[in-house]
Amino acid sequence: MPFDWRAPFGPALIVATALIGLAADHLLLTVPDPVPLFVCIVALAGSLSGLRSSLTGAAIALASSALIFSAHRATFGFDASNLARLSLLALAVFGTAVVTGLLRKRLVDPLAWKHSHHTTSERLSAALDQVDIGIVLLDSDTRAEFINRAFRQYFSLSDEKADSKPPFIALMYHGRDTGAYELPEEELSAFIARRTEMMRAGDSTPININLSDGQVLRFSCTALPDGGRMLSYTPVTELVRHTDDPAYAEYYRLMRSNRLRVSHEDLRAAE
């Protein structure tokens, strides 16, 4: 565990200030009252390290001031004036310690929670990028807040476009424009409209999506409490394509490959 210098900094600074004050009190005729400086250092300790450090600094400041006050008397002790000053100092330093310590806690705790939440989100995103299930998280406006690596690969979606938080309808049109779907062109509009309606309704009925490269994805939509949607695209090619006649397996693969090649050539020609 790395050493946190902030915790002992405030108390150590108060001790150093008290020692300098005691030495100056013996060597010089007049010495400025160190009490305001003690209060400032206690506030600094609280802002740097919190309540524990500021309270420790306040106790040291009070003890140091008592030593400085008693050094002005021939015998150890305090008169009424010094007792009043010590009482006011105790109120000032301990009040400052509590206020600054609690303020720091109020400011730091949300930041620590936010950092922890951000770290957890990053770890979750990294984990979802390792699975072969396409995952898309939509907000309540149906914009994609997260698109994992598998979905980007299935639909040839660039990182730049995926990170721009595209709406769901834009993802559907991207799949159409890149020839990702194994559907006749005249059926694509109805397919996109049906998928969009199911997503908006939160319909969780799974449907199979045939891709032009021969893969089959099982699409499922889950409605989230905040109004968003989680879309999953599970590869089920081996479960669905088993209906193909094994005798024509090579033919089916060739047809799908040709369809994909033609779609990409048409797309390039259009560009």
Filter on ring pair (Phe, Tyr, Trp, His ring centres under 6.0 Å), then keep only pairs touching residues 88-111, sequence neighbours left out; what's left? none

Do the non-hydrogen side-chain atoms of Arg195 and Phe219 ever get within less than 4.5 Å of each other? yes

Has Glu187 got more than 12 heavy atoms of other residues, nucleotides or ligands less than 6.0 Å from its CD? yes

What about Leu231 and Leu124, same hydrophobic cluster or not, with Ile/Leu/Val/Met/Phe/Trp/Tyr joined at side-chain heavy-atom distances under 4.5 Å? no

Is there a continuous path of hydrophobic side-chain contacts, each under 4.5 Å between heavy atoms, that joins Phe9 to Leu103? no

With rounding to the nearest 0.5 Å, note down the distance linking CG in Leu137 to NZ in Lys165. 11.5 Å

For Glu197, side-chain contact (heavy atoms from CB on, under 4.5 Å) partners two or more places apart: none

Find out if a path of hydrophobic residues (ILVMFWY) with successive side-chain heavy-atom gaps under 4.5 Å connects Ile169 to Met199. yes

Would a single hydrophobic cluster contain both Val39 and Val99, if residues Ile, Leu, Val, Met, Phe, Trp and Tyr are joined by side-chain heavy-atom contacts under 4.5 Å? no

Is the closest side-chain heavy-atom distance between Tyr154 and Ile209 below 4.5 Å? no

Within-4.5 Å side-chain heavy-atom neighbours: Leu128 and Ser125: no

Does Tyr181 have its ring centroid less than 6.0 Å away from the ring centroid of Phe191? yes

Heavy atoms of other groups near Glu145 CD, more than 12 under 6.0 Å: yes

Step-by-step salt bridge (charged side-chain N to carboxylate O under 4.0 Å, His left out) determination, Arg194 to Asp203: CA-CA 11 Å; Arg194 186 169 64 256; Asp203 189 345; over 6 Å; no

Check whether any side-chain heavy atom of Pro235 sits under 4.5 Å from a side-chain heavy atom of Ile133, and report yes or no. yes

So do the side chains of Leu171 and Ile147 get within less than 4.5 Å of each other, counting heavy atoms only? yes

Tell me every residue that passes side-chain contact (heavy atoms from CB on, under 4.5 Å) with Pro206, counting only those two or more places apart in sequence or in another chain. Arg218

